[in-house]
Every structure is written in C-alpha cells, then in structure tokens.
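Excluded from the calculations below are hydrogen atoms, water molecules and symmetry mates; all remaining heavy atoms, backbone and side chain alike, are included. For reference, positions follow the sequence shown, starting with 1.
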Amino acid sequence: MEKEFNFITFLNIAKENFQIILFDKSNLKSIYENELIFKNNHNKIDFELLSKFLDGNIYKVEKLLGNFIKDVVLIIDSDFNYYTNFCIKKFFNDNLIKKKNLKNVLIDAKDLFNESYQKQNIIHMIIKDYYGNGLDNSSFEVERQSDYLSLEINFISLPQDFILKFGKILKKYEIKTSRILCRHYLESFLDKNTPTLPNIACKIIEGENKNEILLVPKSDKNTGIFEKFFQIFS
C-alpha cells in the first residue's frame with residue numbers, strides 16, 4: 001500500500017498530442033511514458049482518440065504499479081484554459097487584518113467568480129498582489145495594522161462540460177480525476193532545478209506556490225472549501 005502512494009499518474013492533454021506518465025515521487029523520475037502525436041485542424045479535443053489512447057496504456061501502467069489506477073492528474077494545455085483577473089477590496093472597522101479577514105475576502109472573491117462564470121470550474125486561484133496600509137505587493141503577514149485589504153487574484157478555469165467529458169471517459173476505467181492543472185501555469189515554474197513537467201506538477205500539488213489557494217471539495221462533515229487554505233497559515 002505504501003508503494004502505491006509513491007506514484008502518481010499524469011495525463012497530459014493538448015490539441016495535437018496526448019501523453020501518459022507514471023511518475024515515481026520518491027525518486028523524482030518517470031518510470032513509464034507514452035505519447036501520441038497527431039494532426040488536429042480543430043480547436044478541440046478528440047475524445048474518441050483519447051479513449052483509444054487510454055485503452056492501449058492503462059493496462060501497461062497498472063501492470064507496472066501492480067495495482068489498479070484509482071485516480072489521475074490531468075495537465076491541460078493552455079488553449080483550453082480561461083484566465084480571469086479579479087480585484088476585491090474590503091474595509092475593516094478595527095483597523096486590523098486578521099487571518100479570518102483574509103479568508104473571508106478570498107471566499108467572497110471565489111463566490112464572485114462562480115456567480116459571474118457559472119459554466120466554468122476553477123482549477124487555480126492565485127493571489128497576485130496585496131494592498132493595504134503597511135503591506136507590500138508580494139506577501140502577507142497575519143495580524144497587520146490596516147483599515148482595508150485589497151487583493152488582485154488570478155483565476156484559471158475550464159468549462160464545466162469540458163471537464164465532464166474527461167470524467168465520462170475515465171469512468172470507463174473506474175478512474176477519477178484527483179486534480180486538474182494548467183500546463184502554461186506549470187511551465188512558468190520550470191527551471192534547472194525542476195526541469196520537467198511532472199516534477200513541478202508534484203511541487204504545485206504540494207503547495208510550492210505560497211500564493212496559490214488550494215481548493216478542495218466540500219466534505220460530508222461540512223468542513224468548508226479550504227481544507228488546505230493558504231500556505232502562510234500553516
């Protein structure tokens with residue numbers, strides 16, 4: 001069982017290529033990769049071809065794992081992502097910004113996005129800038145004196161029907177999507193120390209970007225949308 005958690009399966013989706021990667025997190029290397037490159041004259045995913053690609057690869061990955069694949073991480077090419085910037089500002093009567101104030105501002109921003117773009121699902125929510133009395137524009141310290149807090153937030157999203165199509169295909173193999181990542185966003189973190197997409201994807205999932213809000217589904221116990229809320233609180 002412990003061995004199973006050392007591996008993560010990535011499915012890299014672009015308009016003209018599909019790639020599946022079985023990545024060993026403990027040794028930071030891929031132990032299986034296969035890619036299909038094809039011509040595509042339309043700005044959309046060929047889901048029928050994707051299904052055939054998975055037919056030829058899922059068994060091979062599961063054989064290496066010695067177990068069934070339970071979930072995959074989707075990495076989606078930026079052609080299909082929707083980018084939105086929101087600015088939100090709140091004033092505080094006690095002239096003190098507490099972490100609950102920040103949390104409330106972030107929840108308001110997320111709700112505002114969902115109301116404005118009801119057919120989109122957020123895959124990344126990143127704080128770009130902070131503004132307030134005594135705050136610089138790149139970091140936030142809890143319990144700061146200020147009568148207001150203003151945030152610029154970048155949302156990266158995908159159409160809901162687009163995501164549902166992946167879910168329908170993966171259901172055939174009894175596989176769920178554990179996370180969806182934007183390829184362009186991941187590539188912005190690549191450097192000589194983290195030279196591959198799977199490496200940086202693992203880091204982003206684990207909270208590499210301290211300004212990214214890690215969204216998780218609501219649980220049955222109603223613990224809220226921010227189980228892992230914001231890295232500065234940990």
Do [X] and [Y] have side chains that approach each other closer than 4.5 Å (heavy atoms only, starting at C-beta)?
X    : Y    : value
L106 : I88  : no
I153 : K128 : no
K176 : K70  : no
N12  : I20  : no
Y185 : E212 : yes
V73  : I205 : yes
D71  : T177 : no
C202 : I8   : yes

Near-ring test Y117/F155, centroid separation under 6.0 angstrom: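 Ring centres of Y117 and F155 not closer than 6.0 Å.
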To the nearest 0.5 Å, how far apart are [atom1] in [X] and [atom2] in [Y]?
X    : Y    : atom1 : atom2 : value
S188 : N209 : OG    : CG    : 8.0 Å
M125 : L214 : CE    : CG    : 11.0 Å
I213 : I122 : CD1   : CD1   : 10.5 Å
N154 : N211 : CG    : CG    : 11.5 Å
I76  : R183 : CD1   : CZ    : 11.0 Å
K110 : E115 : NZ    : CD    : 9.5 Å

Before you tell me yes or no, could you show the steps for L54 and L170 under side-chain contact (heavy atoms from CB on, under 4.5 Å), namely the whole-Å CA-CA distance, both residues' side-chain angles and the distance that decides it to 0.1 Å? CA-CA 9 Å; L54 292 175; L170 292 172; 4.1 Å; yes
Only pairs at least two apart or in different chains count here, so list each salt bridge (Lys or Arg N to Asp or Glu O under 4.0 Å) that has a residue in residues 31-45.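 Qualifying pairs: none.
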Salt bridge (Lys or Arg N to Asp or Glu O under 4.0 Å): which pairs involve residues 77-93, sequence neighbours left out?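 For residues 77-93, and leaving out neighbouring residues, the salt bridge (Lys or Arg N to Asp or Glu O under 4.0 Å) pairs sorted by first residue read K90-D108.
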Partners meeting side-chain contact (heavy atoms from CB on, under 4.5 Å) with [X] (sequence neighbours left out):
X   : answer
I69 : T9, I58, V61, E62, L65, V72, I175
Y83 : S78, N81, I156, C182, H184
L28 : F23, N199
E48 : D46, K52

Common cluster, [X]/[Y], ILVMFWY with side-chain heavy-atom separation under 4.5 Å:
X    : Y    : result
L112 : L149 : yes
L190 : I21  : yes
Y59  : L22  : no

Side-chain donor or acceptor of Q19 paired with backbone N/O of F10 under 3.5 Å: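 Between the backbone of F10 and the side chain of Q19 there is no qualifying donor-acceptor contact (under 3.5 Å).
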Can any side-chain N or O of N27 pair as donor or acceptor with the backbone N or O of K29 at less than 3.5 Å?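 A pair under 3.5 Å: no.
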Ring pair (Phe, Tyr, Trp, His ring centres under 6.0 Å) against [X], all qualifying residues, sequence neighbours excluded:
X    : result
Y32  : none
F166 : F47, F162
Y173 : none

Check the pair Y82, L158 against side-chain contact (heavy atoms from CB on, under 4.5 Å), reporting the backbone distance first and the verdict last. CA-CA 6 Å; Y82 190 78; L158 285 169; over 6 Å; no
Holding to side-chain hydrogen bond (donor to acceptor under 3.5 Å, both in side chains), I want the full list of residues that pass it with S26, two or more places apart in sequence or in another chain.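 Result, side-chain hydrogen bond (donor to acceptor under 3.5 Å, both in side chains) vs S26: D24.
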Minimal non-hydrogen separation, N34 against F53, with atom names: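 For N34 and F53, the tightest heavy-atom pair comes out as O-CZ, 3.5 Å.
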Using every non-hydrogen atom in the two residues, find where H124 and I126 come nearest and quote the distance to one decimal.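 It is CB-CD1, 3.7 Å.
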List the steps, then state whether side-chain contact (heavy atoms from CB on, under 4.5 Å) holds for I75 with I180. CA-CA 6 Å; I75 300 177; I180 303 176; over 6 Å; no
Salt bridge (charged side-chain N to carboxylate O under 4.0 Å, His left out) partners for D55, two or more places apart: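 Result, salt bridge (charged side-chain N to carboxylate O under 4.0 Å, His left out) vs D55: K172.
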Quick one: salt bridge (charged side-chain N to carboxylate O under 4.0 Å, His left out) partners of E16, sequence neighbours excluded?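 Testing E16 for salt bridge (charged side-chain N to carboxylate O under 4.0 Å, His left out), a comparison that skips the adjacent residues, returns none.
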Full working for side-chain contact (heavy atoms from CB on, under 4.5 Å) between L50 and I169: CA-CA 8 Å; L50 174 60; I169 287 179; 4.1 Å; yes
